[in-house]
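Here the structure is laid out as structure tokens; the discussion comes afterwards.
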Amino acid sequence: MLGSGYDTQVCSIARALEVVGERWTLLIVRDLLLGLRRFEELQGDLGVARNVLAARLEKLVERGVVEKRVYSEKPLRHEYRLTDAGLDLFPAIHALLTWGDEHAPTPIGPPTRVVHRGDCGGTLDAHAICTRCGVAVDARAAMAVPGPGAGPGHPLRRAAERRARSKPGES
């Protein structure tokens, strides 16, 4: 039987997998990078069992990848945000996204494009370099936008709809 830990490994990759290597965890990080914040949003997008999502979020909070913030006192409700450590996963997530677009593409094109935020708007290459201005872009300067493969239920489309409906200061 395969063990569930990597404690016999003297390896930085193994230690990273202890934090983000469980099924669903990187998809949770992806959704947080896309702007989903609330448990119901994450659960709705991922379709993961509520207890599994709660356990993964709890572990990410314990490990300092995610922080849990109160957004409503009555009833008590929380949202989840990536910490600096979580935002530092952006290059890995972006590399997986570009690898998937290249080696496991969808027939109608990538569902997500990552662009340089602000006036530039250039697309990021596989190394998170803006193809328009040549700047190396981190998570704070990147923005995911729907690509040709994003259907109507894609989280980026739903997030845009949610922002359009929300009042200033609410999201």
Side-chain angles (χ1 to χ4, degrees), residues 16 19-21 23-48 53 56-57 60-61 63-72 77-171:
V19 178
V20 297
R23 184 172 184 195
W24 299 109
T25 302
L26 286 178
L27 295 177
I28 293 167
V29 172
R30 174 208 61 193
D31 277 5
L32 293 170
L33 282 166
L34 292 176
L36 281 73
R37 303 277 181 254
R38 298 177 181 174
F39 187 92
E40 298 300 328
E41 293 172 332
L42 294 165
Q43 201 276 326
D45 183 56
L46 296 168
V48 61
L53 178 58
R56 297 301 183 274
L57 285 167
L60 288 168
V61 169
R63 293 298 190 104
V65 176
V66 171
E67 67 179 359
K68 187 175 176 178
R69 295 182 185 173
V70 173
Y71 74 86
S72 172
R77 301 261 189 234
H78 297 92
E79 66 179 15
Y80 298 88
R81 302 239 176 198
L82 292 169
T83 63
D84 287 342
L87 291 170
D88 284 346
L89 286 166
F90 170 74
I93 297 290
H94 182 67
L96 286 168
L97 180 143
T98 57
W99 187 92
D101 289 346
E102 177 71 23
H103 299 286
T106 62
I108 57 175
T112 304
R113 288 182 34 247
V114 183
V115 299
H116 194 178
R117 208 182 269 281
D119 293 338
C120 178
T123 302
L124 304 191
D125 70 10
H127 304 286
I129 304 295
C130 178
T131 58
R132 185 172 293 157
C133 70
V135 169
V137 178
D138 68 6
R140 291 168 191 84
M143 181 172 69
V145 297
H154 192 276
L156 288 173
R157 295 206 191 281
R158 289 197 317 267
E161 292 166 6
R162 188 179 65 251
R163 281 192 301 274
R165 287 191 311 265
S166 70
K167 297 174 190 155
E170 225 180 88
S171 52

### Message
Please identify which of these residues, V115, L124, I129, meets the side-chain contact (heavy atoms from CB on, under 4.5 Å) condition with V137.
### Response
L124
Using distance only, find each side-chain donor-acceptor pair of residues 87-101 under 3.5 Å and give its atom names and separation, not counting sequence neighbours.
from	atom 1	to	atom 2	distance (Å)
H94	NE2	D125	O	2.8
T98	OG1	H94	O	3.2
T98	OG1	A95	O	3.1

### Message
Evaluate R30 against L46 for side-chain contact (heavy atoms from CB on, under 4.5 Å), listing each step before the verdict.
### Response
CA-CA 10 Å; R30 174 208 61 193; L46 296 168; 3.5 Å; yes
Let me confirm one number: the [atom1]-[atom2] distance from [X] to [Y], rounded to the nearest 0.5 Å.
{"X": "Q43", "Y": "I28", "atom1": "CD", "atom2": "CD1", "value": "10.5 Å"}
{"X": "H116", "Y": "M143", "atom1": "NE2", "atom2": "CE", "value": "10.5 Å"}
{"X": "L57", "Y": "Y80", "atom1": "CG", "atom2": "OH", "value": "5.0 Å"}
{"X": "L82", "Y": "E67", "atom1": "CG", "atom2": "CD", "value": "9.0 Å"}

Check whether any side-chain N or O of [X] sits under 3.5 Å from a backbone N or O of [Y] as a donor-acceptor pair, and report yes or no.
{"X": "R56", "Y": "R23", "value": "yes"}
{"X": "R113", "Y": "T123", "value": "no"}
{"X": "H154", "Y": "L156", "value": "yes"}

### Task
Check the pair R140 / D84 against side-chain contact (heavy atoms from CB on, under 4.5 Å), numbers first and verdict last.
CA-CA 10 Å; R140 291 168 191 84; D84 287 342; 2.6 Å; yes
What pair of heavy atoms forms the shortest contact from [X] to [Y], and how long is it?
{"X": "G64", "Y": "A85", "result": "O-CB, 3.6 Å"}
{"X": "L34", "Y": "A144", "result": "CD2-CB, 3.3 Å"}
{"X": "G109", "Y": "P148", "result": "CA-CG, 4.1 Å"}

### Query
Yes or no on side-chain contact (heavy atoms from CB on, under 4.5 Å) for T25 and V19, after CA distance, side-chain angles and deciding distance?
CA-CA 9 Å; T25 302; V19 178; over 6 Å; no
### Task
Measure from NZ or CZ of R37 to the centre of the six-membered ring of Y71 and say whether it is under 6.0 Å with the direction within 45° of the ring axis.
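Output no; distance or angle outside limits.
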### Task
With the side chain counted from C-beta on, respond yes when P146 and P111 share a heavy-atom pair under 4.5 Å apart, and no when they do not.
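No. Closest side-chain heavy atoms not under 4.5 Å.
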#### Entry: Residues D119, R132: salt bridge by 4.0 Å N-O rule
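No, D119 and R132 are not salt-bridged.
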